[in-house]
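Within every chain, numbering begins at 1; the chains are lettered A, B, ... in the order of the sequence lines, protein sequences first and strands thereafter.
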Protein chains: 2
Amino acid sequence: MNASIKSSQRTLELFELFSLEQRPLTIKEITEALGMPQSSTSVLAKSLVSLGYLEKNEMRRTYYPTLRISLLGTWIRRQHQRAGQLPALLSEVARVTGESTILAMRNGIYSQYLIAQKGNSPTRAQVESGMLYPLACCSTGWCLLTLESKEAVSKIVRRTISEAKNEHWRKSAKHAVEQVELTQNRGYAFSKGETMERLGAISILLPSMPGAYAMSAGCGGWVDRVEGKKDLILGALNELAHSVRQLKDQDEQILFS
Amino acid sequence: MNASIKSSQRTLELFELFSLEQRPLTIKEITEALGMPQSSTSVLAKSLVSLGYLEKNEMRRTYYPTLRISLLGTWIRRQHQRAGQLPALLSEVARVTGESTILAMRNGIYSQYLIAQKGNSPTRAQVESGMLYPLACCSTGWCLLTLESKEAVSKIVRRTISEAKNEHWRKSAKHAVEQVELTQNRGYAFSKGETMERLGAISILLPSMPGAYAMSAGCGGWVDRVEGKKDLILGALNELAHSVRQLKDQDEQILFS
DNA sequence: CACAATTCATCACATATGTGATGGATCAAT
DNA sequence: ATTGATCCATCACATATGTGATGAATTGTG
């Protein structure tokens, strides 16, 4: 997509990896997990040690983040919402439904996964935090697009058609406007193969605070299985939305008390 | 010597700046705060937006971190809480003294709380991790300032006086230089109302490894109560420092064995 | 204790990024 | 609306960083 600064990206990817593994890692492990050359990993890790963000255990040759990184993002939870609880709530949806569950936000013309919890049922769906699918081509995206004007949606659809990486998305995007309208009317989105063939997902928009960016939650896997579980999934997602709403209300009370 | 990767460093500095300001920032504000060229800031911010770590408000031309950054470091405190030694050691100080105990590091002209353990005794003090008080206006800050040159301290004091959010801190900052000297001489800092009225705290500098960032530990509550417990608190803090020193030594022994 | 297999730090050239200059976009004031 | 002042995105060359190859350090094995 857009040009991004490689070492900046890798720095963040490295800390995301640690947040995934939550244990000391060797250069080799980082190298393999992030798919970058070993020499680059060595240099990056060394730099982060000298900046005080990573600690090196010379004996075991492992690296581990220092407490310092906790300052980067801890505050935002209190500010925005209780992000620490969201993963647990998503896991609950994944557990109840058996399907992969994600939290997504808009990024440009894409829907980007913030948190992903894999379900028990097998899929080939790519669900990892940071992944991007066009807003126009996935159920989480349609939810987010209900917040936009018709003109804005059209514009996004047009950009998607001209920029999409594959023919499948280009084709899906052509039906996006009606999908967004449908989502608007019935309160949830249901994709059936538009994102990836044979995969489907149901999504809803999550309540968001004024000024904060919108997020949607989705749940899905093989489309036929999802169709059979429709009511179960919708129920779980609505419960999630309800819990999030409660968290927001708590935050607002705290804010003004 | 300290070869560090520039864009990696800047990325982290940028998020630390947000953790300091905790509000949307413009390119210009970031440029000035971090002392980097405006064109570089633009490119970095754009890259971080495309990576999903920053959100741009096109209307106001401001940037703000997304929830995604909270995923980078939120887990590590929970981890330390369970397995790490520092939180346990701090809890011990809080238990023995009955007062709130914190671990702090420098962030800009502020002392920021890495870990906070509440004491049993009641206070109105705000002690939560991520919170900020001016270096010049709190005992943890005075400890950290003993590491700086007189010129650097004066500069920080001047900035604090001009930027402080309230009159109380502006007033406190005027006595910061002598407090830092006092701290230097007697080996501990003792604030008596400078941070918040009627509250006081005793702090000491923790031993740090070469290259690692400096941290100080503080313990306090209502100032008259703290004055009464001065020896108890100092004893507990010194024991903490001793334990930390031992941890470090262990690491170094491992290093050279 | 020697040998083989891993793992990692370092170097030097290929590539990516930083940045001064520029002008377009937006804002504030009349 | 018009002007002048800010603010910021972009470009092209200067600088910083990435990376394959290498061998040193460490670990595993008998």
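Comparing the helix axis at one end of the helix from C/dC1-D/dG30 to C/dT30-D/dA1 with that at the other, each defined from 5 consecutive pairs, gives an inter-axis angle of 70° (nearest 10°).
B/R106 has a carboxylate O that lies under 4.0 Å from a charged side-chain N of B/E148, or vice versa, which qualifies the two as a salt bridge. Checked for salt-bridge contact, B/K171 and B/E167 miss the test: no charged N lies under 4.0 Å from a carboxylate O. With respect to the salt-bridge test (charged N to carboxylate O, under 4.0 angstrom), the residues B/R23 and B/E29 qualify.
Residue B/S7 is classed as a sugar-phosphate contact, given heavy-atom separations below 4.0 Å to backbone atoms only. The residue A/T41 sits apart from the nucleic acid: no heavy atom pair falls under 4.0 Å.
With a heavy-atom cut-off of 4.0 Å to chain B, the contacted part of DNA chain D has its first and last nucleotide at D/dC7 to D/dG18.
Between A/S40 and B/S39, the residue anchored closer to the 5' end of DNA chain C is A/S40, taking for each the nucleotide with the nearest heavy atom. Comparing A/R60 and A/K6 by the nucleotide of DNA chain D whose heavy atom lies nearest to each, the residue mapping closer to the 5' end is A/K6.
In this entry the distance linking CD of B/Q38 with P of C/dG23 reads 15 Å, nearest Å.
At a cut-off of 3.5 Å, with distance as the only test, a side-chain donor of A/S139 or A/S203 sits close to an acceptor on the other residue. Using a 3.5 Å distance cut-off with no hydrogens or angles, the side chains of A/S42 and A/Q38 do pair a donor with an acceptor.
Here the side chain of A/T140 pairs no donor or acceptor atom with the backbone of A/A104 at under 3.5 angstrom.
Ring geometry, B/Y133 versus B/W169: the interplanar angle exceeds 60°, so the pair is classed perpendicular (tilted spans 30 to 60°).
Partners of A/T62 by side chain to side chain donor-acceptor pair (under 3.5 Å), not counting sequence neighbours: none found. Under the side chain to side chain donor-acceptor pair (under 3.5 Å) criterion, B/S8 pairs with A/T11, sequence neighbours left out. Every residue two or more places apart in sequence or in another chain that forms a salt bridge (Lys or Arg N to Asp or Glu O under 4.0 Å) with B/R159 is listed here: B/E163.
Near DNA chain C, defined here as any heavy-atom distance below 4.0 Å, the residues from residues 27-37 of chain B are B/P37, listed numerically.
A sub-4.0 Å separation between OP1 or OP2 of C/dA9 and a side-chain N or O of A/K56 is present.
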Could you go through B/S19 and B/Q112, starting from their C-alpha distance and side-chain angles, then the distance that decides it, and tell me whether this counts as side-chain hydrogen bond (donor to acceptor under 3.5 Å, both in side chains)? CA-CA 10 Å; B/S19 136; B/Q112 188 164 31; 3.1 Å; yes
